[in-house]
Amino acid sequence: MSCDPPGMTKIAVLGTGDVGKAIASKLVSLGHEVRLGSRTDGNEASERWAADQGEGASVGTFADAAAFGEMVFLATSGVHTFTVAKGIVEEVGRKILVDVTNPLDFSQGFPPALSVCNKDSLAEQIQRALPEARVIKTLNTVHNSLMIAPRRISGDHQIFVSGNDADAKAEVSELLQTFGWRAHEILDLGDVTTARGTEMWLPLWVRLFAKFGTGDFNITLTRVDDAD
């Protein structure tokens, strides 16, 4: 598969936190037109981001951005994600919606609990809220610094994709390669229900983050067939 940038040029990123801004900035640097969406118009954080990025960057509400983008990245806080998804049904339609969120609940402090797990996932809730959208879960298993610069870690390491639409997964995988992910590092787990597994990795991830004091780590899969 080619690593040339996909033909799509207009991409929405919903969420003005570190994850949303990191992804949005990477997309602008790759030559895409990017609209960063926030809950309210005139959000100061998103306005500063657009000013720093210059041409190709714009801002708006969640609905404005979702209507603008040919692809939509959902990068909101997990506790707010389902509400945001329900509010952009018409704007998203049948577009690809890349879900990078995790259902982390910090209401009782650290370590966070999962607000949904085992028999459901946040990705599945989003897919039910936007039944026509092609929801693809990916990038949620790594720190935002690695999402957009995987070569910070030497050697091969894995990123996962889950979703019901094979063509959408292929398109998202192609975009991930422009971020620096190698084709053989991108592992298609299957339909959207497989996102339960990647979301349930987060309780261990946050403990590893606390131990190491950095997010520069990831999963490397070694199988018996791969051994010497």
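Since we're looking at a predicted model, the values are computed, not measured.
In this structure, the side chain of N144 does not engage the main chain of G20 through any donor-acceptor pair within 3.5 Å. Judged purely by atom type and a 3.5 angstrom limit, E199 has no side-chain atom pairing as donor or acceptor with the backbone of S121. With H143 contributing its side chain and S145 its backbone, the two residues share a donor-acceptor pair below 3.5 Å.
Each side chain to side chain donor-acceptor pair (under 3.5 Å) pair with one or both residues in residues 75-85, not counting sequence neighbours, appears once here: T76-T81. Sequence neighbours left out, the pairs with a member in residues 148-170 that pass ring-ring contact (aromatic ring centres under 6.0 Å, His included) are H157-W181. Listed by first and then second residue, the salt bridge (charged side-chain N to carboxylate O under 4.0 Å, His left out) pairs that reach into residues 17-34 come to none, sequence neighbours excluded.
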Side chains of residues 85-101: which donor-acceptor partners sit under 3.5 Å, not counting sequence neighbours?
residue: K95; atom: NZ; partner: A66; partner atom: O; Å: 2.7
residue: K95; atom: NZ; partner: A67; partner atom: O; Å: 3.2
residue: K95; atom: NZ; partner: G69; partner atom: O; Å: 2.7
residue: K95; atom: NZ; partner: E91; partner atom: O; Å: 3.1
residue: D99; atom: OD1; partner: T101; partner atom: N; Å: 3.0
residue: D99; atom: OD1; partner: T101; partner atom: OG1; Å: 2.5
residue: D99; atom: OD2; partner: K137; partner atom: NZ; Å: 2.8

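Partners of E55 according to the salt bridge (Lys or Arg N to Asp or Glu O under 4.0 Å) rule, which considers only residues two or more places apart in sequence or in another chain, do not exist here. Take F217 and apply the ring pair (Phe, Tyr, Trp, His ring centres under 6.0 Å) test, not counting sequence neighbours, and it matches W205, F212.
When the side chains of ILVMFWY residues are joined at heavy-atom separations under 4.5 Å, either directly or via intervening members, L74 and L104 end up in two distinct hydrophobic clusters. Linking ILVMFWY side-chain heavy atoms closer than 4.5 Å, directly or via other members, places V84 and I126 in a single hydrophobic cluster. Transitive grouping of hydrophobic side chains (ILVMFWY, heavy atoms separated by less than 4.5 Å) brings M200 and L202 into a common cluster. A chain of hydrophobic side-chain contacts below 4.5 Å, direct or via other Ile, Leu, Val, Met, Phe, Trp or Tyr residues, connects F73 to L30.
Under the 4.5 Å side-chain criterion, counting only non-hydrogen atoms from C-beta, N140 is not in contact with L122. The shortest distance between side-chain heavy atoms of V59 and S38 does not fall below 4.5 Å. The side-chain heavy atoms of N164 and V135, taken from C-beta on, include no pair separated by under 4.5 Å. Within the 4.5 Å cutoff, side-chain heavy atoms of R128 are placed close to those of D120. M147 is listed as a side-chain neighbour of V19, based on a closest heavy-atom distance under 4.5 Å.
Between D64 and R35 there is no salt bridge, since no side-chain N of the basic residue sits under 4.0 Å from a carboxylate O of the acidic one.
Using modelled atom types, one finds no donor on one side chain facing an acceptor on the other under 3.5 Å when comparing T193 with E124.
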